[in-house]
Structure formats: C-alpha cells, structure tokens
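Worth knowing before you read on, the calculation uses all heavy atoms, side chains too, and leaves out hydrogens, waters and symmetry mates. From a predicted model like this one, the values you see are computed outputs, not experimental measurements. In what follows, chains carry the letters A, B, and so on, assigned in the order in which the sequence lines appear, proteins first and then strands, with residues in each chain numbered from 1.
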Number of protein chains: 2
Amino acid sequence: MVGTTARCKGDAMATIHDVAKKADLSVTTVSRVLNNRGYISEATRTKVFRVMEELNYQPNEIARSLLRKQSNVIGLIIPNVSHPFFSELANHIENYAYDQGFKMLLCNSQLDPVKEKDYIEMLKRNRVDGIIMGSHTLQVEEYKNLSSPIVTIDRQISNEIPYISSDNYTGGSLAASLLVEKGCTKIAHICGNLELQLLANKRTEAFQTVMKENKVEHLIIQTDMNVFDQMQYEDIMKRLFEEHPDIDGMFATSDIIAAFAVKQCTAAGKRIPDDVKIIGYDDINAARWLTPSITTIKQPIAELGRKAVDLIMQQMNDEPFEVENILPVTIVERSTT
Amino acid sequence: MVGTTARCKGDAMATIHDVAKKADLSVTTVSRVLNNRGYISEATRTKVFRVMEELNYQPNEIARSLLRKQSNVIGLIIPNVSHPFFSELANHIENYAYDQGFKMLLCNSQLDPVKEKDYIEMLKRNRVDGIIMGSHTLQVEEYKNLSSPIVTIDRQISNEIPYISSDNYTGGSLAASLLVEKGCTKIAHICGNLELQLLANKRTEAFQTVMKENKVEHLIIQTDMNVFDQMQYEDIMKRLFEEHPDIDGMFATSDIIAAFAVKQCTAAGKRIPDDVKIIGYDDINAARWLTPSITTIKQPIAELGRKAVDLIMQQMNDEPFEVENILPVTIVERSTT
DNA sequence: TGTCATATGTCAATCGTTTGACATATTAAA
DNA sequence: TTTAATATGTCAAACGATTGACATATGACA
C-alpha cells in the first residue's frame, strides 16, 4: 500500500498568536500564563489552557532556545552505542539528563577523527549546553578551545577540563590480585592500545605491579580497540592460546574481550575456571547472562553517567567543580574464577 | 582539584554580525558566502572564511531552524538503549541519519507510558522533523494526530502510519521448522505479551502453525517484556525446565532470552545442542560471541534503521511511501542447534 | 474619594539568520 | 558608448517566543 499523508507539510503548527487570537487575548497574556508571570485570573488561565488543548499547541522550543541562549541539549559523543558499555552509559546519561530537563543528542564517532571533529562542530552550531566526550581520537589541543562546557570520559585532556573514570588502578589491582590468589602461574592481560594515553592504561600498570610483586609470569597483549572488529579478538585469542598453551589466568580490559577468551578456551578444550581463570572489566549486563557468567571489575556506570551530567550543569551555572572524578570499582566474582 | 573555567558563560559566541564587522563587509554578503548565493568575488570569499576561522564562528543552527522551519533532528523513542537490539538499531539509525544531514535525539521510554507521552510532546515542542517509535505503550489513538512524520518499528498503528518490521512470520516459521527438522519432540516457545498487539506476535503464530502441521508437542510461555528484569527470565527458565524436564527444543523471541535458556540448561546439566536445541531471534552481535554461539533469526538491523530514516524523509518531502515495510529475515545456524 | 491590588492591553526590542527588493559601483564585452 | 555581468551595499521583514515599560480598567477597601 502506498500513501501520502496530509499531515506533513503545510499545516504549520499553532503559534502563540493563534492561541491568543482564538482565546481573544493578547499574546502577552498568553505568554504570561505560559510562564506563570504577573497577574492572571483563574478564568483566563483555564481558557488559555483549553484553547491550547484545542489547537494542539506546543510552544516552539527553538524560538525559546534562541531567545534564552540555552538549548537544554547535551551532546554525547561515543565510539559506538552498540558497544554494551557505551549503550549502558548512554542510557544512564539520557535518563538522568531527562530528569534534569535536558535532551540528549547522540553521536557515534565510529572512532573516526574526521567524524568526531565534525560532530563537535555540529554540536557547537546547535548550541548544545555541554558535550560529554567518550570518544578520543583527536589531539589534546583540539579539545581545549571548545568554549562550551565539556566533560571527558576516561581521558585526561588538561588540568581544566573535568574528566570521569572508574578507579582503573584499583580495578587492575583487584583483578590481578585475585588471579594470583587463586593460584594462577601464567597470566595474560589483554588491553587496548597503550599509546592512546587513556586512563584505562592504569589497569595495565596495576596489573604489572601486582605481577612483579608476586613474581608471577605474565604477558601483555595490546589490541587495536580502534576497530570494533570482533573477528580481531577471536584471532588474537586463538593465537594467544596456541603460542602459550600454559596460560592459566587472564585479565581482559573489557567483558566482551573476556567473553571471547571464554569462547576460545572452550574451543581449545580448556575448562573454566579449572584450567583457566578469566576476569573482565566493566560489568556490562551481559556479564551476568553469559555462560559461564563472568567475574569482572564493576564500573559504576549509572554514577558515571550522573556525574557527567552534573559536571556539565555545574559548568553551565558557573559553579565550582572537581576536575578529577574517579569513581570506585568493585570486583564481582562469578563463574570464571 | 577544584576549578571554575572562564570559558563558560559570558563569552557569547561570535555572530554573523561580528564576522561582517571584522571582515568589513555587510551581513548580507557574509550570509551570501555562507549560503553560496549571488555573486561573490574570490577575495571576499576567502576573507570571510579567514575571519570566521579567526573568530571561531559557527553559524547558529537554532536561528536557522527557526527561520527554515526545519530542525534536521529526528527523534528516536525506544524502550531502552541498553538493550542490544535497540542499541544496534540506534547505532544504525544515527549513522544513516548523520549521512543524510540529520541529528538524532535519543529517548528511552523505559516502557513507561507517561514518559513516552512526555517524550512525544517534548519532540514536538522541539519541532523535530520526524519521530521513529520503537516503544509502544500508548493507545493507538494517541499516535494518530501527531502531525509530524512518524515511523513505527514493529507495530501497526493504522493504515496511514508507515511501519517497519522484519518478516516475523517467516522468522517464526524458519525457527520452528529447523527445530522440527532436527528432531525435537517437545518444543517451548518463549514470547512477549501477546496482548500487546505487536507484529512480533506473528512469530508465535507461525510457530504454532508449524507445530500443528507437524503434530509436535509444544508449549508457549508469555513473558512480561515490559520489565527488562533479567531475573525474571532466569526464574521463568528455571521453572520451565523443572516442570517440563523433557523439553528438547526452544524458540526464544530474543537472543537474550535464548542466552538465559542456555544458562539454565547448562545449570541443569543438559547439553546443548545434544539434549536441548535453542534458537533465538534478532541476531544481535552478542549472539556470535556467546558460548555456545546462538542459532538465531537474523533481523536486518541496518536496513531497518535506514528504512526508518528514509520513511521520515519521504514524509517530510511529501513523497509517496510504502506503509508496510517488511524486511526479510534469514536463519543463522550456530552452535545451539 | 482616593488608593491599591488585580487583570489585561499595547508596543517594541531581542535572539541570529535568511532573503527579497532595490541601489550602486566597477569592469568587460558588444 | 551602451549593455550586461559581477560585486557589494542598505533596508526590512520574517521565524516564534519573551520581556520590560507603560497604559488602562475594574473592584475593593480605607
């Protein structure tokens, strides 16, 4: 069936003038009831609301934004919402922002620097009240003269731009220690590209420290997280177990990587956790419903999201704010250790 | 460290007037180079661009939107981005919308009717060019006089509002047939609430038809998908296997439910696929990286997203469009069958 | 009667940009 | 020399709402 609806163009929405005319009042009066200012009799108030209802009137927020110089929009730039960590973060950010009267524009940079820069400019053109940056493909300088309130997830840009992260060092330490405690003797750590200067690198630092302290044999494999190429993980895992069949412990920098580790172990006939113990990071929802469920370092995702929005609001209102915002992690033991 | 940055309020962004003044030109001329209209000498063109660069000028899209009566924003209302199916859909919608020059406002209704209605009104106040509805908690009437272009995912509202879905009937049929083929003799089907009048119900219809045709014992369990309560799935699965220990086949209406089925089977000591065969629906990314990887009905998520955006644009431009948009599914055999 | 609180109105400016109408140069081609 | 294309300018209206300043009218109370 093919159709063209009449309800598209042409039938412009009612304006405050239409409401005023139909209610036989001045626009000023209508605006007054809309904004609760000045003296309004109960009679006119109800009349105005009735007419608004009849005309299906919705105040034009674009016009308001223009006048108020405030859009009540927050921009969120992340690599990709389809990554569970970011989708959960986006969910919490949007929920909390909505509670605070903000809308959220979602931008998936796909970790493409050109796209990321484009998004930043787009958000500025649209006069968003703030930007939450979860994608970091640009040079530090590019973020500095951004003029709008900004918050960074998991990356320190400068001493002025606030950033949020989980306590990566403690997280890495907890994971490494648990593996050692459980008796692992050769432990692999899969992390992202360490040259990217992300705060997540502290997980690796902590891991190394614990390994050295306990004199445990270990190895570190960097992955190119720039590509959300799941095949890549499979290959890495496969090669890892071929080259080092005696690995009996793994600390992956995300639950997804941990899931791939589980997969390859199973494929290689190794039992989890008896032959190999695996720990992930993030505690995405999936960590619970995977089989076996994954032991992991839990990031407080909801709090991260709330903090991000709070920091935007604090900057908007010229309130003081913390530049460094490191939220505590906990270790959640499940079936892979 | 506590700080207050100077770069927040006060330092209003440069306007086209600032550019004109600094470039010693009229606003009209600047606007002309900005919009590529009329005669402009190469000299002034470059001068204008240089000054824009110097002032870090970004044209105010809010003002433009007001004048053009077009925001270039699409609103997406879904239950929850943290659900993998919706996060992948949102990702594709945003990507394609961006390519077409649109931004995307993300709204998580949390399947709360009040919130959903609120979001619809918010989007109208913000004069979005169209709304993609993936959340359906309201009565049909509420959606009808919406005035803005709208597209519905997986629900038919009326004969005028376009809707998109995967070929649910074929999907259900493929899944059911495969289980029968593979020799299952008692098959369970876990679906959502059938009273909700969603197109997904056709999966159940098809399942029943195939079961009856082949005279296979079967049972249907409705879940309250209104709650993204993962504990609920666990309980249902547990009870199911307790009450019907002889189940040897399952068709779940989502990969996540299938994952919980896998989990409970494993917990109950049943081997997959030897003792029980399981088929999911959606083919979310996780279906591949789960252990065992899940056999599932693949929805063409990217195409669904593109189609949704296309339908919004077609309505905007008063072009003819299809009301019914059913996209083909395929079955992807993995390790659970 | 005068004063004040209440209730509404008129008018104009503002937000930043676009656009049409029209004027005015300069330069180049006919 | 006339004509036309090129290049820029001025001016004002429009988009939809808010707001301050000010006027006016009614009713109540002192």
Quickly work out the [X] [atom1] to [N] [atom2] distance and round it to whole Å.
X: A:Arg68; N: D:dA17; atom1: CZ; atom2: C1'; value: 9 Å
X: A:Lys21; N: C:dG9; atom1: NZ; atom2: C1'; value: 17 Å
X: B:Asn126; N: D:dG16; atom1: CG; atom2: P; value: 15 Å
X: A:Arg125; N: C:dC15; atom1: CZ; atom2: P; value: 22 Å
X: B:Glu61; N: C:dG16; atom1: CD; atom2: C1'; value: 11 Å
X: A:Leu67; N: C:dT17; atom1: CG; atom2: C1'; value: 15 Å
X: B:Arg64; N: C:dT18; atom1: CZ; atom2: P; value: 4 Å
X: B:Asp24; N: D:dT10; atom1: CG; atom2: P; value: 10 Å

task = Residues of residues 30-48 of chain B with any non-hydrogen atom less than 4.0 angstrom from an atom of DNA chain C: list those, numerically ordered, please.
result =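 B:Ser31, B:Leu34, B:Asn35, B:Arg37, in order of number.
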task = Evaluate the side-chain proximity of A:Leu111 to A:Ser135: yes if any heavy-atom separation is below 4.5 Å, no if none is.
result =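 In short, these two side chains touch, coming nearer than 4.5 Å.
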inquiry  = From C-beta outward on A:Leu66, which listed nucleotide comes closest to its side chain: C:dG16, D:dA17, C:dT17?
reply    =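 Of all the options, the side chain of A:Leu66 is nearest to C:dG16.
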query = What's the closest nucleotide to the A:Thr29 side chain, out of D:dG16, C:dG16, C:dT8?
reply =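 So the nucleotide nearest the side chain must be C:dT8.
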request  = Ignoring hydrogens and angles, answer whether the base of D:dC15 and the side-chain atoms of B:Ser65 contain a donor-acceptor pair closer than 3.5 Å.
outcome  =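 No pair found.
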inquiry  = Ignoring hydrogens and geometry beyond distance, is the side chain of B:Thr28 in donor-acceptor contact with the base of D:dC11 at under 3.5 Å?
reply    =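 It does, because a donor-acceptor pair links the side chain of B:Thr28 to the base of D:dC11 below 3.5 Å.
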Sugar-phosphate only, base, or nothing, as touched by [X] at under 4.0 Å among non-hydrogen atoms:
X: A:Ile16; answer: sugar-phosphate
X: A:Leu25; answer: sugar-phosphate
X: A:Ser26; answer: base

What distance do [X] atom [atom1] and [Y] atom [atom2] have between them, rounded to the nearest 0.5 Å?
X: B:Lys69; Y: B:Arg127; atom1: NZ; atom2: CZ; answer: 8.0 Å
X: A:Leu327; Y: A:Ile164; atom1: CG; atom2: CD1; answer: 7.5 Å
X: A:His83; Y: B:Ser87; atom1: NE2; atom2: OG; answer: 10.5 Å

task = Return the angle between end axes of the helix from C:dT1-D:dA30 to C:dA30-D:dT1, with five pairs used per end and rounding to 10°.
result =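 For the helix from C:dT1-D:dA30 to C:dA30-D:dT1, the axes at either end differ by 50°.
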key: Trace of the side chain to side chain donor-acceptor pair (under 3.5 Å) decision for B:Asn108 with A:Tyr98   = CA-CA 9 Å; B:Asn108 296 291; A:Tyr98 176 79; over 6 Å; no
message = Salt bridge or not between B:Glu61 and B:Arg64? Use side-chain N to carboxylate O under 4.0 Å.
response =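 Yes, charged N to carboxylate O under 4.0 Å.
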ask   = Salt-bridged, A:Lys124 to A:Glu121, with N to O below 4.0 Å?
value =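 No salt bridge links A:Lys124 with A:Glu121.
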task = State, to 0.1 Å, how close A:Leu25 and A:Thr44 come at their nearest heavy-atom pair, and which atoms those are.
result =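 Result for this residue pair: CD2-CG2, 3.9 Å.
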inquiry  = Give me the atom names and distance for the closest heavy-atom approach of B:Ala308 to B:Ile132.
reply    =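 Taking B:Ala308 first and B:Ile132 second, the nearest heavy atoms are CB-CD1, 3.8 Å.
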ask   = Is the phosphate of C:dT14, meaning OP1 or OP2, less than 4.0 Å from a side-chain N or O of A:Lys69?
value =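 No.
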ask   = Taking atom types as modelled, is there a side-chain donor on A:Glu94 or B:Asn80 under 3.5 Å from an acceptor on the other?
value =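 Result is no, nothing qualifies.
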